[in-house]
J.: 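Dumping the structure here so I can ask a few things about it.
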Amino acid sequence: MKSKLLLAVLLLNSLVCVSQAIDVRYNQIGYFNDRGKVISLVANTTFSPQAFIVLDADDNVVLSGTSAAVNYWSDAQEYVSKIDVSSITTSGTYRLQVGGEEVSFNIGADVYQAISDASLKYYYFNRASTAISSTYGGIYARSMGHPDTSVRVHSSAASPARPTNTIISSPKGWYDAGDYNKYIVNSGISTYTLLAAYEHFESYYQAKAIDIPETGGNLPDLLDEVKWNLDWMLTMQEPSDGGVYHKLTGLNFSGRIMPNAYTATRYVIKKSTSATLNFAAVMAMASRIYANYESELPGYSDTLLSAAEAAYAWAEANPTDYFTNPNGVNTGEYGDSNVSDEFQWAAVELFITTNNVNYSNDIVVSSIGNGTPSWQYTDPLALISMLYHDTSFPSSTINTARSTFISTADDLKNQIENSAMNISMGVSNWDYVWGSNSVAANQIMLLVRAYEMTNDDTYLDAAYIGMDYLLGRNGTGYSYVSGFGEISPVNPHHRISDADGIAAPIPGMLCGGPNPGRQDGCSGYINTSNAGSYVDDWCSYASNEVTINWNAPLAYALNALNFYQNGTALSINDYALASETISVYPNPTEGIIQIKTRKKIAYVVVYNTLGKVVHTSSSVQISLPNIQNGLYILKITTEDNRTYTKKLLKQ
Ligand code: G3I
Ligand code: 9MR
């Protein structure tokens with residue numbers, strides 16, 4: 001079924017190639033009303049600027065003109081001319097006619113709503129140790145696979161407390177990718193990125209339902225989903241010494257089977273410094289976030305913090321245990337022989353959470369580099385957290401961190417504004433790696449952070465335009481997110497999507513993207529340029545796999561852009577506060593709440609879910625004895641006139 005679809009797409013592509021020299025590449029999901037809107041014309045050879053018209057649904061010409069000067073885009077070995085349709089701001093579906101071609105594109109306020117939801121829902125579909133029910137999974141319902149309650153300690157991981165073949169229980173977590181394995185390093189950055197999304201846009205995520213079995217409780221859905229993975233990560237720490245196993249896998253990758261058909265023995269493999277530090281960073285961060293939910297999860301935050309501290313101590317005592325696959329183990333390696341970045345990141349997260357100088361003493365801000373984060377390079381994650389929690393650090397430290405960070409953001413913005421294709425990719429020679437689409441997604445995340453840090457709109461403008469890259473305005477014309485766009489991947493290297501007998505892959509998954517390394521040796525790559533080395537085929541695990549660490553920055557970016565354009569929660573304008581943490585406790589409450597914040601509170605308004613004001617106050621202690629039980633929204637305004645919202649449950 002799927003190969004038929006592929007054939008159809010290939011045939012379509014070849015017809016298009018024969019009949020048309022110029023290809024129209026555009027954001028196939030949609031453009032936001034009041035944001036920049038770029039459409040790119042591309043061809044293999046140079047061409048003249050093209051006359052174009054844009055028609056609305058009633059066939060009125062709403063814009064006409066000639067495309068801009070043609071430039072060479074070396075990453076794709078293509079020539080590009082830009083059409084700017086930013087002046088169209090009314091919601092609707094439009095048709096662009098140019099060079100004998102016609103494409104339809106959307107403009108609206110909520111064009112990223114469905115795709116941003118799907119980018120988060122993917123984590124539920126990739127859960128290990130649970131069945132996916134039809135209630136939450138629809139046609140993608142499946143049986144449980146990998147209970148992982150009886151996992152062996154591999155000889156490489158043996159210790160006096162846990163000799164070889166000791167059986168341990170290590171359930172839950174997300175499958176890494178198209179494979180069924182679970183790797184701490186990659187889980188760690190994925191979890192960090194999702195927690196960062198939550199930390200930076202707390203009120204947005206408090207109101208965001210992901211439609212998972214836990215939906216409806218007082219814990220925001222995103223924190224429920226992340227907890228599924230944190231619970232697994234906790235089991236990967238050896239209790240006797242604090243070290244963390246690098247991964248839980250079979251000895252080999254499985255075949256093209258569903259999770260419940262997997263019967264091979266699974267092992268925890270060798271502790272490593274990179275996994276242990278990564279674990280420490282993520283647990284420390286999670287501890288401060290889940291601390292706000294002590295009544296829902298008593299003791300959880302403390303458990304996370306103790307795990308983080310024990311891990312950090314192990315890494316300090318074992319600073320160079322770099323991971324390579326032991327003999328006989330052939331699953332993903334996620335190897336790293338430079339862990340200075342993981343050390344900085346872990347120290348930063350631990351210091352933010354504990355304020356303990358032992359951790360700040362280990363932070364050397366001048367050693368923290370710039371650039372785009374990846375599973376192997378976590379310096380930028382340390383910078384993001386430091387700059388968000390800037391009041392926790394001396395101003396000289398923050399000034400250094402900020403200039404390091406902003407130098408990358410400026411490069412990205414400049415690349416989007418001035419490159420032939422108006423995209424961030426290509427800013428560095430290493431952008432088109434295995435998983436290059438996650439580079440693009442992380443770059444958008446960095447621009448969002450730069451905007452939050454500076455309030456300079458030009459970073460956000462660049463982020464909106466740069467996002468087009470993943471959604472069709474790129475070197476292949478694919479919208480790289482499954483299920484979204486005119487042409488999107490139908491054969492991702494994702495075992496569940498491949499083996500489930502359903503033609504359409506699970507939606508919302510970001511495929512790896514162009515990778516001129518083409519390590520899979522797959523035939524059928526569309527072309528072999530940096531930005532063209534992609535093929536929508538199962539065989540292409542080097543360009544068409546999906547993973548949790550690629551979807552996380554996608555989810556971060558899509559939801560952030562969705563928030564800024566359309567950021568209302570229950571009709572109340574709310575803004576994520578940079579550098580500010582506010583906790584409200586106890587929550588749920590019987591009537592008396594405390595508000596803890598680092599800035600002075602100007603006033604607090606309590607709304608019911610219909611947006612009606614039920615109480616106002618200017619105190620940090622609020623008494624609400626007379627309101628009915630149920631959900632309320634607190635809107636807190638601080639002395640610097642910034643507002644912050646939080647859900648409150650009265651019971
Ligand atoms: O670190 C070097 C860098 O110094 C060099 O400049 C650059 C030039 O190409 O290469 C960098 O190494 C690359 C490395 O990723 C880090 O980006 C390797 O070439 C590249 O082969 C390697 O790819 C990784 C791949 O596994 C193979 O090990 C991907 O990042 C990683 O996402 C992928 O992860 C797999 C898991 O092993 C198994 N599960 C699926 C997952 C996704 O495909
Ligand atoms: O399916 C595996 C994929 O999940 C991994 O990312 C990739 C990393 O090397 O390896 C894939 O497995 C392939 C194996 O490495 C070589 N033989 C073909 C396998 C895919 O069918």
Side-chain angles (χ1 to χ4, degrees), residues 75 122 126 128 146 173-190 193 246-259 262 264 266 269 272 274-275 278 322-325 329-342 369 371-380 426 428-442 480 489 491-499 509-523 528 530 533-535 537-554:
D75 289 339
Y122 155 73
N126 243 38
H146 305 86
W174 302 308
Y175 297 128
D176 184 54
D179 61 334
Y180 291 136
N181 301 307
K182 306 193 283 197
Y183 308 82
I184 283 291
V185 164
N186 208 44
S187 254
I189 185 171
S190 311
T193 307
H246 195 76
K247 60 181 177 177
L248 187 166
T249 80
L251 297 180
N252 295 294
F253 288 113
S254 80
R256 299 165 70 166
I257 53 173
M258 288 299 278
Y262 187 105
R266 310 237 295 170
I269 318 252
S272 72
S274 62
N278 183 301
Y322 305 132
F323 185 84
T324 54
N325 263 338
V329 176
N330 302 308
T331 48
E333 190 160 77
Y334 288 116
D336 193 351
S337 54
N338 177 350
V339 296
S340 58
D341 50 332
E342 282 80 6
T372 303
S374 72
W375 61 262
Q376 210 177 34
Y377 180 55
T378 61
D379 272 346
S428 132
N429 289 334
W430 307 117
D431 283 357
Y432 294 97
V433 290
W434 187 315
S436 64
N437 281 342
S438 72
V439 176
N442 273 300
Y480 290 116
N491 297 303
H493 191 89
H494 182 240
R495 282 170 172 73
I496 297 170
S497 294
D498 180 66
M509 305 190 298
L510 179 66
C511 292
N515 170 15
R518 289 173 282 128
Q519 292 89 335
D520 45 53
C522 193
S523 61
T528 57
N530 281 345
S533 293
Y534 169 77
V535 56
D537 192 314
W538 159 266
C539 77
S540 184
Y541 51 81
S543 84
N544 203 33
E545 192 162 359
V546 302
T547 86
I548 54 175
N549 71 310
W550 303 340
N551 249 70
L554 175 78

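Quick caveat, the model's predicted, so the values are computed rather than measured. Remember, it's 1-based here, ligands and their atoms both numbered in the order they're listed.
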J.: Nearest protein heavy-atom contact for atom 39 (N) of ligand 1: which residue, which atom, what distance?
T.: D176 OD2, 2.9 Å

J.: Is there a donor in the side chain of D336 and an acceptor in the side chain of Y322, or the other way round, less than 3.5 Å apart?
T.: no

J.: Atoms of ligand 2 less than 4.0 Å from D179 heavy atoms?
T.: 4 (O)

J.: Heavy-atom distance from atom 2 (C) of ligand 1 to the protein below 4.0 Å?
T.: no

J.: When you look for heavy atoms under 4.0 Å from ligand 2, do you find them on the side chain of H493, its backbone, both, or neither?
T.: side chain

J.: As a test of the contact definition, would atom 6 (O) of ligand 1 count as having a protein heavy-atom neighbour under 4.0 Å?
T.: yes

J.: Heavy atoms of the protein only: does one fall short of 4.0 Å from atom 28 (O) of ligand 1?
T.: no

J.: Less than 3.5 Å between some nitrogen or oxygen of W550 and one of ligand 1, yes or no?
T.: no

J.: Does the side chain of S543 pick up a donor-acceptor pair with the side chain of N515 at under 3.5 Å?
T.: no

J.: Got the closest protein heavy atom to atom 33 (C) of ligand 1, with its distance?
T.: W434 NE1, 3.8 Å

J.: Examine Q376 against ligand 1 and note whether any of their N/O atoms are separated by less than 3.5 Å.
T.: yes

J.: Would you confirm whether any non-hydrogen atom of the protein falls under 4.0 Å from atom 21 (O) of ligand 1?
T.: yes

J.: Give me the nearest non-hydrogen protein atom to atom 16 (C) of ligand 2 as residue plus atom name, then the distance to 0.1 Å.
T.: Y541 OH, 3.7 Å

J.: Using distance alone, determine whether R495 and ligand 2 share an N or O pair under 3.5 Å.
T.: yes

J.: Checking a contact table here: which protein heavy atom is nearest atom 42 (C) of ligand 1, and how many Å away?
T.: T547 CG2, 3.2 Å

J.: So, does H246 use its side chain to make a donor-acceptor pair with the main chain of Y334 at under 3.5 Å?
T.: yes

J.: Looking only at the side chains, is there a donor atom on one of N181 and D176 sitting less than 3.5 Å from an acceptor on the other?
T.: no

J.: Would you check whether W375 has a nitrogen or oxygen atom less than 3.5 angstrom from a nitrogen or oxygen atom of ligand 1?
T.: yes

J.: Assign the ring pair Y180 / Y262 to parallel, tilted or perpendicular, where the plane angle (0 to 90°) is split at 30° and 60°.
T.: perpendicular

J.: Is there a side-chain contact between L554 and Y480, using heavy atoms and a 4.5 Å cut-off?
T.: no

J.: Evaluate the 4.0 Å heavy atom contact test for atom 10 (O) of ligand 2: does a protein atom fall under the cut-off?
T.: yes

J.: In terms of residue, atom name and distance, what is the protein heavy atom nearest to atom 37 (O) of ligand 1?
T.: G332 CA, 3.2 Å

J.: Is there a side-chain contact between N437 and P514 (heavy atoms, below 4.5 Å)?
T.: yes

J.: Heavy atom to atom 35 (C) of ligand 1, shortest distance: which of Y334, Y432, Y183 holds it?
T.: Y334

J.: Identify the closest protein heavy atom to atom 12 (O) of ligand 2: which residue and atom is it, and at what distance?
T.: F253 CD1, 3.5 Å

J.: Indicate whether atom 13 (C) of ligand 1 is within a distance of less than 4.0 angstrom of some protein heavy atom.
T.: no

J.: Closest approach of I269 and T249, non-hydrogen atoms and distance?
T.: CD1-OG1, 4.1 Å

J.: Can you check whether V339's main-chain N or O pairs, donor with acceptor, with S274's side chain at less than 3.5 Å?
T.: no

J.: Mind checking what makes side-chain contact (heavy atoms from CB on, under 4.5 Å) contact with P380, not counting sequence neighbours?
T.: P373, Y377

J.: Could you tell me if the side chain of T324 sits less than 4.5 Å from the side chain of E333, heavy atoms only?
T.: yes

J.: Under 4.0 Å from any heavy atom of D179, which atoms of ligand 1 are there?
T.: 38 (C), 39 (N), 40 (C)

J.: Verify, without hydrogens or angle tests, whether N551 (side chain) and L510 (backbone) share a donor-acceptor contact under 3.5 angstrom.
T.: yes

J.: Geometry only, no angles: is W430 polar-contacting ligand 1 at N/O separations under 3.5 Å?
T.: no

J.: Under 3.5 Å, is there a donor-acceptor pair between the side chain of D520 and the main chain of A542?
T.: yes

J.: Using a strict cut-off of 4.0 Å, indicate which atoms of ligand 1 neighbour a heavy atom of E545.
T.: 40 (C), 42 (C), 43 (O)

J.: Can you pull out the closest protein heavy atom to atom 5 (C) of ligand 2? Residue, atom name and distance to 0.1 Å, please.
T.: E545 OE1, 3.4 Å

J.: Taking the side chain as every heavy atom from C-beta outward, state whether N186 and T547 have any pair of such atoms under 4.5 Å apart.
T.: yes

J.: Given E333, H494, H493, Q519, identify the one with the heavy atom nearest to atom 19 (O) of ligand 1.
T.: Q519

J.: May I ask you to list the atoms of ligand 1 that are less than 4.0 angstrom from any heavy atom of A177?
T.: 39 (N), 40 (C)

J.: Does the side chain of Y432 come within less than 4.5 Å of V439's, by heavy atoms?
T.: no

